[in-house]
Structures are given as C-alpha cells and as structure tokens.
2 protein chains.
Amino acid sequence: MQNRVLLIEDDDELRELLARYLVNQGFSVREAANGRDGLVLALGQDCDIVVLDIMLPDINGLDVLRELRGRTHLPVILLTARGDETDRIVGFEVGADDYIPKPCNPRELVARLQALLRRIAWDQKTEVADGRAYGDLAVEPGQRRIYQNGVPLELTGTEYEVLQVLLAHAGSVVRKTDLMQWALGRRLEAYDRTLDMHISNLRKKLGNDHPPRIETVRGLGYSYRIPAP
Amino acid sequence: MQNRVLLIEDDDELRELLARYLVNQGFSVREAANGRDGLVLALGQDCDIVVLDIMLPDINGLDVLRELRGRTHLPVILLTARGDETDRIVGFEVGADDYIPKPCNPRELVARLQALLRRIAWDQKTEVADGRAYGDLAVEPGQRRIYQNGVPLELTGTEYEVLQVLLAHAGSVVRKTDLMQWALGRRLEAYDRTLDMHISNLRKKLGNDHPPRIETVRGLGYSYRIPAP
DNA sequence: AGGGCTACGTAAAGGTTGGGTAAAGACAAA
DNA sequence: TTTGTCTTTACCCAACCTTTACGTAGCCCT
C-alpha cells in the first residue's frame, strides 16, 4: 500500500528534488506549485498526507493550513525557513502536525512522514484494554477503576493513582518521595502529611486487613504486599 | 482533563525546569530520572504522552522506546543531542513520534506536545457502531437518531453527537477534552460549561435514573455505564 | 528501663474546585 | 418575529484534597 503525499512548494527545483526522493522511497506524489492548486488537490480526497511550504506565491501557507483545518484533519507537515520561530509556533497553533526547517534533509522528511503515518495507522486500530490483576484486585485503566473481587472500589482520583503505583511495584518498597511524585505529581515537602492520609483512606476502603495489604516501611515508604498465589 | 506528561530525563536541573514550565502550561507532569522508573510509570497507564531523553544513566533511551513500543503505542517525543542525525533517524525507525534537539526551547516542546495530542485525539474518534444496541438504546446513524425501547429520543444535533460518542466508548471513561473535540468539534477552553449543559440535558431526556446512565468521573470526564446483560 | 526524638496513624476541620443546573443571552433558520 | 438550539452566566453544593492536632509506635541513647 503506497502512501500518497501532496507536495505544495513553489520552488520548482526543490519540489522536484523532493518528489523524486519520495517516489524512490515508495511514496506516490502529487505536486502543486501554489496554494490554490494545493488546496484543490488536498480537498479532492486523493492524498494521505500534505507537505506544505509556508512561503507561497499566492496564498500564505498558514492560510492554506487554516482553510484545510476547517474542513479536514488531513495530516500536514510544514516547511519553514530555518530559525523562524514565529512561523513554527503559529503553525502548530493553527493545526500543523509537524514542521521541518528549510533547507531540509530528505531523509528526515521521510522519517517524519513515516512517523506521522504510523501514528495515524496505530490510532485507527482499536486499543486492547489490558487490565492487570493482583490477587483479588484488578486494575482497569480504561475505566480508571480498580475492582476487588469484581466489585468496583469507590476510589477518588488520587486514591486510584496511589494504589495503582503501589500495585505496579507490588512486593517492593516505593519511597514516599517517589510515590508523591508519581501519584500526586508534585514534590514531597517537609511536614506534608497528605500522602499519609491517602494511604490511611485507602487502607480503610480496602478493608483493614491484618497484616495490612499496604505495609509501612518506616523512614522509607510503603509497599503493597504480594498477594498469596 | 489535564493532559499527563511523563518526563524521563536524568539531568535534574533540566527536568525540573521543563516540569515547571509544563505545569504552568496546564499539563500535569510525572518525572522519572532513569529509564527503569520511566518504563514502570509509562506502562502503568499514568500518562498520555512521554518525553524521553536518549541519554540515560541506566537503560539507553532508544531501548526504553523499543520496550515501550513492544507493549503500547503511547506517543513519544525524543530529546536528542543537537545534530546527532543517527539518533534521530534510528529514533524514528524504532517508533518515536517526534524529536526535539537539546538544548530545547520549552515553547517548542509545548507546541509539539499539543500538536501530537491533537492528532491523537482526532484519530481516536471511533466511528459509530452501526445500528449497535446498548441495553434499551439503539443507535441509527443513518437517521442520526437514537431509540429508547423503540421510541425515538427527541435529541438535538449536538446531544446526538455527545451521546453517540459516549455509547461508542460505553464502559470506559471519555475525557472531557476528547468528548468536546469529537462531539462539538472544538477545543475545550477554561470555564467552558457547554459540555456540562449538554450532559445535563441528556440525562434529563434519558430519564434521571439512579444510578445515572452517564456517570461523572470527577476531574476527568464521563462514562456511559455498561448496561446489564 | 526509661527518656527523648521522630515517623506514622487518623479524626476532624478547612479550603478549594469541579460539576449540576436554572435562567438569561446569542444566534441562526424558518 | 418566532422558534429551536447552543452558549454563557451565576449560584450552589458535594466531593475532594490538604492541613491541623493529637495520639501512638518504633528506634536510639544512656
């Protein structure tokens, strides 16, 4: 299956160079030397991905992109003058997927084209929900839920994060500073007892077993006890 | 709601600089200082996108990427030494979605993160399951109608879109930002309560059951509860 | 053993935020 | 203009995270 690239670039020499290279790499290529032609081709549904120069004789490349985004979500890679940061940032904001500074390395262009096409191909496949089980607990990341013997635990968002991190490291100690960073997303400061509270609440919701599922390692952190096999 | 970035970078100073910047830009950030911790976090489904340094103290960044690609399609942006073309090309081949040369401009990192997340949001919009039934609801995409026990619901256009997206993902959580993008076709901005209103109206039209068919997942989004079989 | 220090457990209070929804406004089509 | 629809505004509440306060358990030292 050949991927169809639309090349919108007014510099004939560069355009033909790139086109030849892309064809050699197994793409099928459409060419347009100005914005108007480019738009017509792009909207004509016969390409998979667009390479768009910002500097065009008629319509500005960014306007082409805006027009395109109003109607489709065709992936677009911008060609910009090297170092022109404004164009790049604006380009992303308008909805470009990527940019390459000119003069561009054809190999890099191909690499980026393929990365983008691969991303799209993957995303169009349905993801498998890979829940993992730890004893009587089962994590369902898609639902952001953790089930205990099939019954969903009524966890808050933060409690879910904390338990999920502990489970991922079941059997080994997670240091408090790491748990804080990974589950709460911030640094552990002195006298911050927040984490202790979440652990306390979690233990309650898991049913205060003895010995506790979540073990305290004094001076270090916490550890989820490996469930009996 | 917030997009969760995982930052795998061993240089503490750079990592904290980027982390702070990303937090300011509205991302939630998890940090890992080495490949092993990074892998665990990435596989723990705790993030939406990964920023990965190639030079790491333990595992090589490219090996982290390979390992990751073996199990998920999590979007990855590589941090590479400037000018090291080999790493870049290999990175793309292994499955990176993008790369940024170091030392990197935080604004550009944000722009690229957002471009990639936007692309993914679009691509993951699953199409209507034709005529599928969900409990007492039946979707008729041709008519843009949804029937409840054979009786058509009096839905507005937007309400139809919202409900149909929720049904297509029945049982798992749809983030507000995705729901907005998929059903309303625009980005979710701060203080925009439009979506909440449509949900509220939908619940009313579906008959305010208990527990509600459309569950709220605080801080994240909504989920249509899987009907009893 | 006992004192003193520190880390942890947890109830309760405090404060912030996200979400529900009524009602008003904006807008477009008929 | 009227009507149907989407959006904004405003207010309120409940869920939740964090802090505070006090009690307890572990650990080291003499």
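Throughout, a chain's letter reflects where its sequence line sits, starting with A, and its residues are numbered from 1.
Counted by atom type alone, B:R193 and B:S200 present zero donor-acceptor pairs between their side chains at under 3.5 Å.
Interatomic distance, CD1 of A:I120 versus CG of A:D48, reported as 8.5 Å (0.5 Å rounding).
Distances shorter than 4.0 Å separate none of the side-chain N or O atoms of B:K176 from OP1 or OP2 on C:dG18. Applying the 4.0 Å criterion to OP1 and OP2 of C:dA11, one finds that A:S200 has every side-chain N and O outside that range. For the pair B:T158 and D:dC6, the criterion of a side-chain N or O lying under 4.0 Å from OP1 or OP2 is met. Between B:Y222 and C:dG20 there is a side-chain polar atom (N or O) within less than 4.0 angstrom of OP1 or OP2. Under 4.0 angstrom from either OP1 or OP2 of D:dC17 there lies at least one side-chain N or O belonging to A:T156.
Between A:L195 atom CG and D:dT18 atom C1' the separation is 12 Å, expressed in whole Å. Here the C1' atom of nucleotide C:dG9 and the CZ atom of A:R203 are 8 Å apart, to the nearest Å. Rounded to whole angstrom, the span from the CD atom of A:E159 across to the C1' atom of D:dT18 amounts to 13 Å. In this structure, A:E154 places its CD atom 17 Å from P of D:dA14, rounding to the nearest Å. Across the protein-nucleic acid pair, B:K204 atom NZ and C:dG20 atom C1' stand 10 Å apart, rounded to whole Å. C:dA22 atom P lies 9 Å from atom CG of B:N201, rounded to whole Å. Atom pair B:E189:CD and D:dT9:P shows a separation of 13 Å (rounding to whole Å applied). Distance, A:R193 CZ to D:dA21 P: 13 Å, rounded to whole Å.
Nearest-nucleotide assignment on DNA chain C puts the 5′-proximal partner with A:I199, out of B:I199 and A:I199.
Listed nucleotides D:dA21, D:dT7, C:dG20 differ in distance to B:M197; the shortest reach to its side chain belongs to D:dT7. In the set D:dT19, D:dT7, C:dT21, the nucleotide with an atom closest to the side chain of B:H198 is D:dT7. Nearest to the side-chain atoms of A:R218 among the listed nucleotides C:dG19, D:dT8, D:dC27 stands D:dC27. Of the candidates C:dC8, C:dT21, C:dG19, C:dC8 carries the atom nearest the A:D196 side chain, counting heavy atoms from C-beta on.
Two residues are said to be in side-chain contact when any heavy atoms from C-beta on lie closer than 4.5 Å; A:R175 and A:L188 fail this criterion. Within the 4.5 Å cutoff, the side chain of B:L7 has heavy atoms near those of the B:V51 side chain.
Among the heavy atoms of the strands lying under 4.0 Å from B:T194 is at least one base atom, whether or not backbone atoms are also near. Backbone-only engagement by A:L184 is indicated by non-hydrogen atom pairs under 4.0 Å involving sugar-phosphate atoms exclusively. As judged by a 4.0 angstrom heavy-atom cut-off over every strand, B:D192 is placed among residues touching the sugar-phosphate backbone only.
In summary, A:R69 and A:D97 engage in a salt bridge, as defined by a charged side-chain N under 4.0 Å from a carboxylate O.
Distance alone, capped at 3.5 Å, places no donor-acceptor pair between the B:R225 side chain and the B:E215 backbone.
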